[in-house]
Number of protein chains: 2
Amino acid sequence: MTDERYSISQVARCFGMPVSTLRYYDDLGLLPAAERRGNVRYYGHEQLRRLALIQRLHHRGLVSLADTATLITEDPPADQPSGRQVLIASIETIRTRIHDLHLAQQLLEHLLTCPTADPVRECTHLRTELGEVVDHALAALRPPPPSRP
Amino acid sequence: MTDERYSISQVARCFGMPVSTLRYYDDLGLLPAAERRGNVRYYGHEQLRRLALIQRLHHRGLVSLADTATLITEDPPADQPSGRQVLIASIETIRTRIHDLHLAQQLLEHLLTCPTADPVRECTHLRTELGEVVDHALAALRPPPPSRP
DNA sequence: CTGCACGCTCAAGTCGACTTGAGCGCAACA
DNA sequence: TGTTGCGCTCAAGTCGACTTGAGCGTGCAG
């Protein structure tokens with residue numbers, strides 16, 4: 001069951017992406033169409049599940065297309081753990097990215113609610129916080145002369 | 001105090017970014033150098049704080065450079081609330097982005113620990129979850145003929 | 001006085017992820 | 001018998017965010 005096939009425009013429509021992207025993914029070998037009847041692509045359930053997987057990983061550049069490809073095509077030639085490495089690296093990237101996003105979010109929310117007229121230039125809270133970042137960065141500039149006894 | 005000035009290469013070094021990027025930001029008017037002594041840029045504390053702000057917002061494409069510019073140069077011509085709009089939009093983007101990242105993270109962590117040899121194709125958990133996404137997407141394809149009583 | 005390090009400008013190149021356009025085939029419908 | 005709609009390929013274009021390269025100026029150490 002569910003051995004139905006869908007045309008490229010149907011898939012595009014219900015996954016909310018342009019036809020050109022699907023063809024592009026096919027060119028990359030990222031999402032080959034299930035079969036072709038006389039040069040025309042048809043997609044089956046297996047392909048659609050992979051497409052959902054791709055979307056979830058790649059959506060808005062979370063994971064690059066190249067890495068997504070490595071992660072999901074995982075045909076480990078039984079010699080390199082490349083898939084696993086990319087996997088671990090991706091998880092790490094995503095973690096730090098979430099962290100960065102939280103910082104940015106806090107900053108923006110502060111800007112939104114800060115009573116100061118121009119929070120970017122006037123707000124003391126922001127000035128102090130960024131000042132610390134700057135001082136920390138500048139510290140790298142003058143490595144204190146190692147005071148040897 | 002702290003009225004020191006730093007050359008472009010010093011700033012680049014301690015903020016961990018190439019000189020070219022600083023010049024690029026200057027070209028955009030995003031981070032104008034404090035002053036120029038005979039065509040040479042010098043950066044002061046105010047500029048460095050702004051740079052820290054830019055980094056935090058823009059780091060790895062969190063917020064586009066254009067939006068970052070709108071957010072921080074906030075010279076509201078006292079007629080449009082464009083800054084505030086971008087602010088609210090950015091916060092919203094970041095929220096959904098964090099959400100997407102959490103989904104992707106869960107998926108990757110599942111791939112990492114799933115006992116199935118090839119989790120992408122064999123794991124029933126994943127198959128079911130993605131199957132639901134697919135079914136939901138496909139539902140948009142055949143809008144049930146509205147049964148009017 | 002000659003290098004060298006560092007600075008500058010302006011134009012062009014790069015990279016990832018697509019999109020657009022030209023030109024074509026094929027099936028169905030008026 | 002068009003012509004309309006959908007599909008195809010292949011090459012080229014686009015966009016954001018930089019980077020690279022050519023060519024030049026300036027200050028100072030040897």
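Below, chain A is the first sequence line, B the second, and so on; all start at residue 1. All values below were derived from every heavy atom in this structure, side-chain atoms included, with hydrogens, water molecules and symmetry-related copies excluded.
Here B:Tyr42 is tied into one hydrophobic group with B:Val40, each link being a pair of ILVMFWY side chains closer than 4.5 Å. Alongside A:Val133, the hydrophobic cluster contains no other residue (criterion: ILVMFWY side chains under 4.5 Å).
Pairing each heavy atom of B:Ala89 with each of B:Thr93, the nearest pair is O-OG1, 2.6 Å.
The shortest side-chain heavy-atom distance between B:Val11 and B:Ile8 does not fall under the 4.5 Å cut-off. With a 4.5 Å cut-off on side-chain heavy atoms, B:Leu130 and A:His45 do not count as touching.
The ring pair (Phe, Tyr, Trp, His ring centres under 6.0 Å) pairs that include a residue from residues 101-125 of chain B are B:His110-B:His125, where partners are two or more places apart or lie in different chains. Among residues at least two apart or in separate chains, salt bridge (Lys or Arg N to Asp or Glu O under 4.0 Å) pairs with a member in residues 96-112 of chain A are A:Asp100-B:Arg60, A:Glu109-B:Arg95. For residues 20-39 of chain B, the set of pairs meeting the ring pair (Phe, Tyr, Trp, His ring centres under 6.0 Å) definition, not counting sequence neighbours, is empty.
Each end of the helix from C:dC1-D:dG30 to C:dA30-D:dT1 gets its own axis, taken as the rotation carrying the C1' atoms of four end pairs onto the next four within a five-pair window, and the two axes meet at 30° to the nearest 10 degrees.
Considering only residues two or more places apart in sequence or on other chains, A:Arg49 meets the salt bridge (charged side-chain N to carboxylate O under 4.0 Å, His left out) condition with A:Glu46. The side chain to side chain donor-acceptor pair (under 3.5 Å) test applied to B:Asp27 returns no partner, not counting sequence neighbours. By the side chain to side chain contact (heavy atoms under 4.5 Å, CB included) test, A:Pro32 is found to be paired with A:Asp26, residues two or more places apart in sequence or in another chain being considered.
Ionic pairing of B:Arg37 and B:Glu35 is present here: one or more N-O contacts between side-chain nitrogen and carboxylate oxygen are shorter than 4.0 angstrom.
Think of the region where chain B sits on DNA chain D: with heavy atoms and a 4.0 Å cut, that region ends 5' and 3' at D:dA17 to D:dT20.
Applying a 4.0 Å cut-off to non-hydrogen atoms, the residues of residues 21-38 of chain A that approach DNA chain D are A:Arg23, A:Arg36, listed by residue number. Looking at residues 8-20 of chain B, you'll see B:Ile8, B:Ser9 sit with a heavy atom under 4.0 Å from some atom of DNA chain C.
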